[in-house]
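Because the structure is predicted, anything quoted here is derived from the model rather than measured. Residue numbering restarts at 1 for every chain, and letters A, B, ... go by the order of the sequence lines.
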Number of protein chains: 2
Amino acid sequence: MSSKCEQCIIRQFNSLKALTKDELLRISGCKTSKFIKKGEIIFEEGETLNGVYCVKDGICKLSKLSANGKDQIVKLVVKGDLLGQRSLISDESVNLSAVALNDMEVCFIPKVEIFGNLKNNSDFSMDVLKQMAHDLKESDNVIVNMAQKSVKQRLAEALLYIHKNFGVNKDGILNVVLSREDYASVVGTATESAIRVLSQFKKEGLISTTGKQIKLEDLEGLKRIE
Amino acid sequence: MSSKCEQCIIRQFNSLKALTKDELLRISGCKTSKFIKKGEIIFEEGETLNGVYCVKDGICKLSKLSANGKDQIVKLVVKGDLLGQRSLISDESVNLSAVALNDMEVCFIPKVEIFGNLKNNSDFSMDVLKQMAHDLKESDNVIVNMAQKSVKQRLAEALLYIHKNFGVNKDGILNVVLSREDYASVVGTATESAIRVLSQFKKEGLISTTGKQIKLEDLEGLKRIE
DNA sequence: ATTTAGATATGATAATTGTCATGTTTTGTT
DNA sequence: AACAAAACATGACAATTATCATATCTAAAT
């Protein structure tokens, strides 16, 4: 019993908003809904996808295994994002692995539907194109940051990024809860280094922590990190 | 007196190949041809573009100024590539600066033409989409490399990348000639570090140099760098 | 041919980051 | 509650990379 895409609010946050009522009805008919538990793998590097996932709830990480055996987290995915678009479009195997950081709810939309709409609805394809263009810009900016900034700067920016894009709960604690290892993997450093920098931020009053939970105490201070 | 796009071979290498004869004729009518000297700026970060550049000849670098004042080269552009697509599509100012590394010849195609074709020719928009999807994958891979690999590894890979994608002349010398500063800027390190690593490669017989010209002497050796 | 600015090269040293060892805390399981 | 496993934390040290100083080489301009 799948609910109706026409009434799904999530769709407003991604390219599916450009679809017509008829197109949405068709998708409603063939999509499948899935619940994914924290830590579960949605797909893995090298797999072939036969559709895209629309994230209804929860957060996941997109990562790639480096030659040295360490995982690099390339992106964090919010509610509303589409997963697997890129691989679908270029008709290649998936380049990144997706792992749930929370319990998630996703809808799987088959490839044929997406391609049909890309071909026939230029509003939709234009929106997908815009989304990709935006992602590409973000990626280029990440490259520059990785290449030019220190671990301390990158970690400060990662915290600010999560704060801005995923928000905080009523107590001011970041909605995304990452392990220290995951932070290291976002920033591209050793786990111990990430731990050390977070400890330093704590000492300096820039953040406070309760277990894995992190609260940003001084946004301006974090922005000033050099 | 602009030559005809219909007869331009370059177009086979980019998304313009998906255009119809009529569409190409229209572009022929409104495009402008430009010669750009080595070192000249094609466009700079923050500018607004009113079209895309189709690279007919020559090579250029796309770079971004980091907060620390250093340039990071994000991509090298070959003959056949389109410049400025991304910014045009997302309707934002340009994120990267483009500077000629050679004497170049480019054609400028106005925004309206591109958008018209994106809207009306789904083969064209699909091809642009594919190109962007491919670029996005490449960018993600670069992020992983920047984050996880050493300067030595990154420089070896940069040399191999240039070898593979831009080729060599009759003497086996890389077709792309970069200054040591540019190499540092590709790899994301200090100029002195880039120089040192290149010197080391030379000592180890992996490369040979004559001034700025570099020849790869041992491809397999470079691939094995750790 | 000489000058000169810029690029290349290398040494010395400092700063950053990674690795290994080890201890503590947290978490989940029986 | 007791235990084991995992995550977190920190010290000591090694490796990598950046910075500063200075020397040499190259290429362009006079």
Side-chain angles (χ1 to χ4, degrees), chain A residues 37-39 61 66-73 99 101 103 145-159 173-174 176-204 207-215 225-226, chain B residues 37-39 61 66-72 99 101 145-159 174 177-204 207-215 225-226:
Chain A
K37 290 221 178 84
K38 179 179 169 179
K61 60 179 176 181
S66 172
N68 64 7
K70 283 189 193 167
D71 250 341
Q72 175 66 33
I73 294 179
V99 175
L101 292 171
D103 288 352
N145 286 341
M146 283 293 174
Q148 302 280 353
K149 295 188 177 172
S150 68
V151 168
K152 218 187 296 179
Q153 284 177 303
R154 279 180 272 154
L155 192 38
E157 285 180 16
L159 291 169
I173 290 168
L174 294 181
V176 176
V177 176
L178 296 180
S179 67
R180 302 295 194 259
E181 191 182 0
D182 278 339
Y183 273 110
S185 181
V186 166
V187 163
T189 190
T191 305
E192 296 94 322
S193 297
I195 290 174
R196 257 180 258 272
V197 173
L198 286 175
S199 297
Q200 194 194 336
F201 285 173
K202 207 171 159 180
K203 259 180 212 150
E204 293 170 355
I207 65 173
S208 61
T209 66
T210 319
K212 280 194 212 299
Q213 300 189 317
I214 295 180
K215 182 177 177 182
I225 293 284
E226 301 234 337
Chain B
K37 289 223 179 83
K38 179 179 168 178
K61 60 178 176 182
S66 171
N68 64 7
K70 282 189 194 167
D71 250 341
Q72 175 65 33
V99 176
L101 291 172
N145 286 340
M146 283 292 175
Q148 302 280 354
K149 296 189 176 171
S150 69
V151 169
K152 218 187 296 179
Q153 283 178 304
R154 278 180 273 153
L155 191 39
E157 286 180 15
L159 291 169
L174 293 181
V177 176
L178 296 179
S179 66
R180 302 295 192 259
E181 191 182 2
D182 277 339
Y183 273 108
S185 181
V186 167
V187 164
T189 189
T191 304
E192 296 94 323
S193 297
I195 290 174
R196 257 181 258 272
V197 174
L198 286 175
S199 298
Q200 195 195 336
F201 285 174
K202 207 171 158 181
K203 259 181 213 150
E204 293 170 354
I207 64 172
S208 62
T209 67
T210 319
K212 282 194 213 295
Q213 301 188 317
I214 296 181
K215 183 177 176 182
I225 293 285
E226 299 236 338

What is the distance from CZ of B:R154 to P of D:dA18, rounded to the nearest Å?
8 Å
Please classify the nucleic acid contact of B:K149 as base, sugar-phosphate, or nothing, using heavy-atom distances under 4.0 Å.
nothing
Straight-line distance of A:I173 CD1 to A:Q213 CD, nearest 0.5 Å
4.0 Å
From NZ of B:K70 over to P of D:dA18, roughly how many Å is that when rounded to an integer?
6 Å
Base contacts versus sugar-phosphate-only contacts with protein, heavy atoms under 4.0 Å: please encode nucleotides 24-30 of chain D as B, S and - from 5' to 3'.
-------
Taken to the nearest 0.5 Å, the spacing of A:Q72 CD from A:K61 NZ works out to 11.0 Å
Whichever of A:K212 and A:S193 has the more 5' nearest nucleotide on DNA chain D, that residue is A:K212
Hey, which of A:I207, A:I225, A:L178, A:V187 is the one that makes side chain to side chain contact (heavy atoms under 4.5 Å, CB included) with A:L159?
A:I207
Distance in Å, A:I214 CD1 paired with A:S208 OG, rounded so as to fall on 0.5 Å steps
9.0 Å
Send over the distance from A:Q200 CD to D:dT10 P, rounded to a whole Å.
12 Å
Check every strand shown and say whether A:T191 touches a base, only sugar-phosphate, or nothing at a heavy-atom separation below 4.0 Å.
nothing
Would you sort out whether A:R196 and A:S199 count as a side-chain contact (heavy atoms from CB on, under 4.5 Å), showing the intermediate values?
CA-CA 5 Å; A:R196 257 180 258 272; A:S199 297; 5.6 Å; no
Atom pairs, protein N/O to nucleotides 10-12 of chain C N/O, distance under 3.5 Å:
residue	atom	partner	partner atom	Å
C:dT10	OP2	B:S199	OG	3.0
C:dG11	N7	B:R196	NH1	3.0
C:dG11	O6	B:R196	NH2	2.9
C:dA12	N6	B:R196	NH2	3.4

Of all the nucleotides listed (C:dT17, C:dT19, D:dC8), which has the minimum atom distance to the side chain of A:T189?
C:dT17
Looking at A:K38 and A:L101, what are the two nearest heavy atoms and their distance?
CG-O, 3.6 Å
Give a yes or no on this: more than 12 heavy atoms of other residues, nucleotides or ligands lie within 6.0 Å of atom CD of A:E157.
yes
Rounded to whole Å, the CD-P distance (B:Q213 to C:dT8) equals 12 Å
Whole angstrom value for the distance that separates C1' of C:dT8 from CG of B:L178
15 Å
Rounding to a whole Å, what distance do you find between A:Q153:CD and D:dT17:C1'?
15 Å
From the list C:dA9, D:dT17, D:dA9, which nucleotide is the closest neighbour of the side chain of B:K202?
C:dA9
Return the value, rounded to whole Å, for the distance between atom CD of A:E226 and atom P of D:dT19.
12 Å
D:dT17 C1' sits how many Å from B:K152 NZ, rounded?
12 Å
Just how far is it from atom OG1 of B:T189 to atom NZ of B:K70, taken to the nearest 0.5 Å?
7.0 Å
If you round to the nearest 0.5 Å, how far is OG of B:S185 from CD of A:Q148?
6.5 Å
